[in-house]
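Working notes, beginning with the structure itself.
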Amino acid sequence: MEIGIDSFAAILPDPATGKLPSPTVRMAELIEEVEVADRVGLDVFGIGEHHRGEFLDSAPTVILAAAAARTSRIRLTSAVTVLSAADPVRVFQEFATLDLISKGRAEVVVGRGSFVEAYPLFGLDTRDYDDLFAEKLDLLLRLGETTNVTWEGRFRPPLHGQGVFPRPHQPQLPIWIGVGGTPQSFARAGTLGLPLMVAIIGGSFERFRPLVDLYREAGKRAGHSAETLKVGVHAMGFVGETEAAARDAFFPGWAHLTTNIGRERGWSPPTRQQFEAMAGPKGAFLIGDPKTVAAKMLQASETLGGVSRITFQMSTASLDTAAMKTSIELLGTEVAPIVRATRRA
């Protein structure tokens, strides 16, 4: 199992003063976090894409390129690229360039986005939410297969064999499909034979098993091998020296962001009790001491029928930068060895 981190480059106010930290300082800390993840042997680091004041990740490939120059082995990916609101040609060029800078460590996870700010920002209609993604994914996949593409669609000018450069360092740029809870998205990924990254940010892992089965069944029907149909999980996660330390470091930022987003979407304010339930044995948060987190990761993999990658969404703990770096170190030096040894046994 590959183990990694996803960051949304969250920038959160100090709970005591209400003041935001410097965006410049926060960005420097984020690059340091990627360096730490690389140093302690984690497999992958992802940067999300949002167009909101709470996050600094509106240009993820720029952040990933900066991290590529400061790391040597960790794979670098988006988490996720909002492909529906982007030009697939530009997305391919940016990640191919990142692949050259990183000497073959780039990947891209594409999705429709759980936030819709990108659509009006770039002049797109949310009524075309699914059609945009399907069409642009088709073009992105073709760009990965050939340099000179002939293609025509509804939402972008046609291509008549123009060359798309640069080409990546890897023979094929890895493309994952990022999904939430829509069955059609799971089935589409399986039919295309693309690896699946499932965002499980609440509830339980068990709830997603039927959807993961749907993905695998669709892939099998389309003639793809089981080895091709990889499943990854993106989950809220944080590691501390103790369970209490991990929960106390993660909760304030999580509560702040969840309250703000919930206000927009008509949710009730989150409570510490809800958080504790999600961090407990039956919840989908991977939060606790190293042994607890490792055991829960292994259980999540078993529940979902085998998982190839788990990435921890740690951004909401960015209020405590020291705890964040400690968590990354513990994930690489204590959690990962337990998980890898158990999977090999």
About how many Å separate CZ of Arg309 and OG of Ser301, when rounded to the nearest 0.5 Å?
14.0 Å
Go through the structure and list residues passing side chain to side chain contact (heavy atoms under 4.5 Å, CB included) with Thr333, not counting sequence neighbours.
Val40
Examine distances only and state if a side-chain atom of Glu135 and a backbone atom of Phe155 form a donor-acceptor pair shorter than 3.5 Å.
yes
Note: Asp125-Arg127 ion pair, threshold 4.0 Å (strictly below)
yes
Do any pairs count as a side chain to side chain donor-acceptor pair (under 3.5 Å) and have a residue in residues 211-222, sequence neighbours left out, and if so which ones?
Arg209-Asp213
I would like to know whether Glu302 and Phe205 meet side chain to side chain contact (heavy atoms under 4.5 Å, CB included); could you show each step before the answer?
CA-CA 10 Å; Glu302 182 179 343; Phe205 293 110; over 6 Å; no
Gln170 side chain to Ala106 backbone, donor-acceptor under 3.5 Å:
yes
Quick one: name the residues clustered hydrophobically with Val80, using the 4.5 Å side-chain heavy-atom rule over I, L, V, M, F, W, Y, and just say none if it's on its own.
Val109, Trp176, Met197
Pairwise side chain to side chain donor-acceptor pair (under 3.5 Å) hits with a residue in residues 76-89, at least two apart:
Ser78-Thr81, Ser84-Tyr119, Asp87-Arg156
May I ask you to decide whether Arg39 forms a salt bridge with Glu329, counting only side-chain N to carboxylate O separations under 4.0 Å?
yes
Donor-acceptor pair, Thr303 side chain versus Gln299 backbone, under 3.5 Å?
yes
Return the CG to CZ distance between Asp131 and Arg112, rounded to the nearest 0.5 Å.
10.5 Å
Show your reasoning for whether side chain to side chain contact (heavy atoms under 4.5 Å, CB included) applies to Leu137 and Ile177.
CA-CA 9 Å; Leu137 177 60; Ile177 301 291; 3.6 Å; yes
Checking salt bridge (Lys or Arg N to Asp or Glu O under 4.0 Å) for the pair Lys325/Glu35: CA distance, chi angles, key distance, verdict?
CA-CA 10 Å; Lys325 290 178 183 176; Glu35 288 183 286; over 6 Å; no
Atom CG of Leu121: over 12 foreign heavy atoms under 6.0 Å:
yes
Test your reading of the model: is there a side-chain donor-acceptor pair from Glu117 to the backbone of Arg52, 3.5 Å cut-off?
no
Give a yes or no answer on whether the side chain of Thr242 reaches the backbone of Ala245 with a donor-acceptor pair at less than 3.5 Å.
yes
Spacing of Leu42 atom CG and Leu331 atom CG [to the nearest 0.5 Å]
5.0 Å
Do the side chain of Glu29 and the main chain of Met27 share a donor and acceptor less than 3.5 angstrom apart?
no
Leu286/Met297 under side chain to side chain contact (heavy atoms under 4.5 Å, CB included): CA gap, chis, key distance, verdict
CA-CA 7 Å; Leu286 301 170; Met297 291 171 67; 4.1 Å; yes
Glu264 atom CD, neighbour heavy-atom count above 12 within 6.0 Å
yes
Under the side-chain contact (heavy atoms from CB on, under 4.5 Å) test against Met236, which residue among Phe275, Phe312, Phe250 passes?
Phe250
Apply side chain to side chain contact (heavy atoms under 4.5 Å, CB included) to the pair Val110 and Phe133, showing each step before the final yes or no.
CA-CA 9 Å; Val110 296; Phe133 182 72; 4.1 Å; yes
Test item: Lys296 side-chain N/O and Ile287 main-chain N/O as donor-acceptor pair under 3.5 Å:
no
ILVMFWY cluster membership beyond Trp267 - transitive side-chain contacts under 4.5 angstrom:
Phe115, Ile261
Gap between atom OG of Ser315 and atom CG of Leu56 - 0.5 Å precision:
10.0 Å
In this structure, CZ of Phe95 is separated from CG of Leu140 (nearest 0.5 Å) by 9.5 Å
Would you call Arg75-Asp43 a salt bridge at under 4.0 Å N-O?
no
Would you give the length of the straight line joining atom CG of Asp6 to atom NE2 of His234, rounded to the nearest 0.5 angstrom?
5.5 Å
Where at least one partner belongs to residues 228-254, residue pairs that pass salt bridge (charged side-chain N to carboxylate O under 4.0 Å, His left out), sequence neighbours excluded
Glu243-Arg247, Arg247-Glu276, Asp248-Arg272
